[in-house]
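Letters go in sequence order (proteins before strands), and every chain restarts at 1.
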Amino acid sequence: MRNVYEVLKERGFIENITDEEAVITILKKPVVCYTGFDPTGDSLHVGHLLPLMALMHLEKAGHKPIALLGGGTAMIGDPSGKTEMRQMISSEEIERNKEAMKKIINRYLDIEGGKSLILDNAEWLLPLNYIDFLREIGCHFSVNRMLAAEAYKQRLERGLSFIEFNYQILQAFDFLTLYRSHGCLLQMGGNDQWGNILAGEDLIRRIEGKEAHAFTYPLLTTSDGKKMGKTEKGAVWLSAEKLSPYEYFQFWRNVEDDQVIKLLKIFTFLPMEEITAMEAWKDHELNKAKEILAFEATAITHGKEEARKALEATKAVFSGAGAGGDALPGTVVSRQEISAEKWDAASFLADQGFASSKSEAKRLIMQGGVSFNGEKVGDILMPVTEKNFDEKGECLIKVGKKKFYKVILQ
RNA sequence: GGAGGGGUGCCCGAGUGGUUAAAGGGGGCAGACUGUAAAUCUGUUGCCAAACGGCUACGAAGGUUCAAAUCCUUCUCCCUCCA
């Protein structure tokens, strides 16, 4: 069997590495490895997905990944690569975030079956005694060296508080702790974590005299250099409650041409041969590749069934065949409300949440960007009546070029 | 702790008493073109209102004035220099 490191490298997961030879060697036997996730938000988004995919590869290869929740480090806030100090989060909020994140991580990793672990660094960070900690751990850190690190450059210009300055030390201590308790030898993380990760590797060498290793993932950006994973509605969430599988599918369906292959390698488990075959595809053929990417990625996050539904709905709606299936986002309105002619077109869009305000809805309609069941809405005051619904009592609302919603009459 | 500079719309950034919902750029959105692409062009981009118009807004709170993003006071946050 191929070394999982080769697989990860080939698929574009590796940015930086401590020692390639050594990593390959330790991965020949089952290894405990970890990536940290700070519970600073109430859900995970595509930014977290790349590390999760890597952990899945490692799990499949028989290693033991640890998803480390940063219940303790989230109390501090990582300044790496950030320009502003992050707002302090309350412990109650961190608690809630952790629970939400655990649920999601469970979908990707086999926690119940024991193939992977979820741990929480609050367990060992919160009980720390300040003086003991300084004496045991703090003495191994050179402030001079920390200050020289690239990660702090920006913050040294703009201001860096002492609390954040400690983040790296705590993350290093995490690695040491996991090394001691689980024999963890490998840490992975986003490339912005490189400094923090090396600090941990260094600490293990100093205190335990052992070689630990690490590699980082590339930071995915769109071709104009922005962080990938934002839509007009905000982050691309991995939970169906925050972003429907259909919309998740659309996110992947709409990636840029020159990203498709790269994303297929990272965010699907399709064999490399299949993906490299797609490299020859161009122009409109790329749409097929995007569809495959969207389907596979949606299947991993929401399951095959949801992916199939999303694909079906997408095909129906973009071919003009109407609102197929029930995957489209949408709302339900009562017949009474419709027969009472409660809404004009503009207020309808705003009330159903298809436009962020009534002004926005009016603008969309006046610019010719809205249609009901394939018919362009020309008048913001047009009353919404049963005529706007088809025989099944459905109205497919198109907003702009590619946003579709379904309203059901009940 | 002392001295100085600053906080403007999603972001950058002009504006120093009325004609400023606030120039310009970026981004977003819509339309045309297309492949649910990129590039380009056009329009648009606080909220309410069909419209006339109204309301809210320039770090926060007060005040001066017929009139304040613009002047004054206090508070707050950030930056630079000194300690």
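- Using Watson-Crick or G-U wobble geometry with both donor-acceptor distances under 3.5 Å, B:C58 finds no partner in any strand shown.
- In this structure, A:Lys358 atom NZ and B:C55 atom C1' are separated by 16 Å, rounded to whole Å.
- Across all strands, A:Leu364 comes closer than 4.0 Å only to sugar-phosphate atoms, never to a base (heavy-atom distances).
- Contacts of A:Lys362 with the nucleic acid, taken as non-hydrogen atoms under 4.0 Å apart, include base atoms.
- When both pairing distances are held under 3.5 Å, B:A3 makes a Watson-Crick or G-U pair with B:U80.
- With both ends at atom P, the span from B:G26 to B:C81 equals 34 Å, rounded to whole Å.
- Within the structure, a side-chain polar atom (N or O) of A:Ser357 is placed less than 4.0 Å from OP1 or OP2 of B:C48.
- The nearest heavy atom of RNA chain B to A:Val399 and to A:Ala350 marks one nucleotide each, and the one closer to the 5' end goes with A:Val399.
- Residues A:Asp42 and A:Lys242 have side chains in contact (heavy-atom distance under 4.5 Å, counting atoms from C-beta outward).
- For the pair A:Lys60 and A:Phe269, the cation-pi criterion (under 6.0 Å, within 45° of the ring axis) is fulfilled.
- The residue from A:Leu264, A:Ile275, A:Thr298 that alone fulfils the side-chain contact (heavy atoms from CB on, under 4.5 Å) condition with A:Leu293 is A:Leu264.
- Taking the C1' atoms as reference points, B:G24 lies 24 Å from B:A68, given to the whole Å.
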Side-chain polar contacts of residues 127-137 of chain A - donor-acceptor pairs under 3.5 angstrom, sequence neighbours left out - could you list them?
{"unit_1": "A:Asn129", "atom_1": "OD1", "unit_2": "A:Ile131", "atom_2": "N", "d": "3.0"}
{"unit_1": "A:Asn129", "atom_1": "OD1", "unit_2": "A:Asp132", "atom_2": "N", "d": "3.0"}
{"unit_1": "A:Glu136", "atom_1": "OE2", "unit_2": "A:Arg180", "atom_2": "NH1", "d": "3.4"}
{"unit_1": "A:Glu136", "atom_1": "OE2", "unit_2": "A:Arg180", "atom_2": "NH2", "d": "3.2"}

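- The nucleotide B:A69 finds no pairing partner, because no Watson-Crick or G-U wobble arrangement with both distances shorter than 3.5 Å includes it.
- At whole-Å resolution of the value, CG in A:Leu349 and P in B:C29 are 17 Å apart.
- Residues in residues 285-311 of chain A take part in these ring-ring contact (aromatic ring centres under 6.0 Å, His included) pairs, two or more places apart or across chains: A:Tyr248-A:His302.
- For the segment residues 375-384 of chain A, residues with any heavy atom less than 4.0 angstrom from an atom of RNA chain B are, sorted by number, A:Ile380, A:Leu381.
- Comparing the C1' positions of B:G54 and B:A49 gives an interatomic distance of 8 Å, to the nearest angstrom.
- Put simply, NZ on A:Lys398 is 10 Å from P on B:A30, counting in whole angstrom units.
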Which nucleotides of nucleotides 36-44 of chain B have their base under 4.0 Å from a protein heavy atom (B), which only their sugar-phosphate (S), and which neither (-), written as one string 5' to 3'? BB-----BS
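- Separating the P atom of B:U16 from that of B:C71 is a span of 9 Å, rounded to the nearest Å.
- Rounded to the nearest Å, the gap between the P atom of B:A23 and that of B:C10 is 13 Å.
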Could you walk me through whether A:Gln193 and A:Gln187 satisfy the side chain to side chain donor-acceptor pair (under 3.5 Å) test, starting with their C-alpha distance in whole Å, then the side-chain angles of each, then the deciding distance to 0.1 Å, before giving a yes or no? CA-CA 10 Å; A:Gln193 297 293 306; A:Gln187 179 178 186; over 6 Å; no
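- The separation of B:A69 from B:U80, taken at their P atoms, amounts to 31 Å, rounded to a whole angstrom.
- Considering only residues two or more places apart in sequence or on other chains, A:Glu92 meets the salt bridge (charged side-chain N to carboxylate O under 4.0 Å, His left out) condition with none of them.
- Nucleotides B:G27 and B:G9 are separated by 13 Å at their C1' atoms, to the nearest Å.
- Across all strands shown, B:C33 remains unpaired; no Watson-Crick or G-U wobble contact has both distances below 3.5 Å.
- With contacts defined as side-chain heavy-atom distances shorter than 4.5 Å, the pair A:Ile338/A:Val384 qualifies.
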For residues 11-19 of chain A, which side-chain N or O atoms pair as donor and acceptor with protein atoms under 3.5 Å away, sequence neighbours left out?
{"unit_1": "A:Arg11", "atom_1": "NE", "unit_2": "A:Lys265", "atom_2": "O", "d": "2.7"}
{"unit_1": "A:Arg11", "atom_1": "NH1", "unit_2": "A:Leu270", "atom_2": "O", "d": "3.0"}
{"unit_1": "A:Arg11", "atom_1": "NH2", "unit_2": "A:Lys265", "atom_2": "O", "d": "3.4"}
{"unit_1": "A:Arg11", "atom_1": "NH2", "unit_2": "A:Thr268", "atom_2": "O", "d": "3.0"}
{"unit_1": "A:Arg11", "atom_1": "NH2", "unit_2": "A:Leu270", "atom_2": "O", "d": "2.7"}
{"unit_1": "A:Thr18", "atom_1": "OG1", "unit_2": "A:His213", "atom_2": "ND1", "d": "3.1"}
{"unit_1": "A:Thr18", "atom_1": "OG1", "unit_2": "A:Ala214", "atom_2": "N", "d": "3.2"}
{"unit_1": "A:Thr18", "atom_1": "OG1", "unit_2": "A:Ala214", "atom_2": "O", "d": "3.3"}
{"unit_1": "A:Asp19", "atom_1": "OD1", "unit_2": "A:Glu21", "atom_2": "N", "d": "3.3"}
{"unit_1": "A:Asp19", "atom_1": "OD1", "unit_2": "A:Ala22", "atom_2": "N", "d": "3.3"}

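- Electrostatic pairing of A:Glu360 and A:Arg363 counts as a salt bridge here, judged by a charged N lying under 4.0 Å from a carboxylate O.
- Where A:Gly400 and A:Ser356 meet RNA chain B, the nucleotide closest to each residue was compared, and A:Gly400 sits on the side nearer the 5' end.
- Across the C1' atoms, B:G46 and B:A22 are found 12 Å apart, a figure rounded to whole Å.
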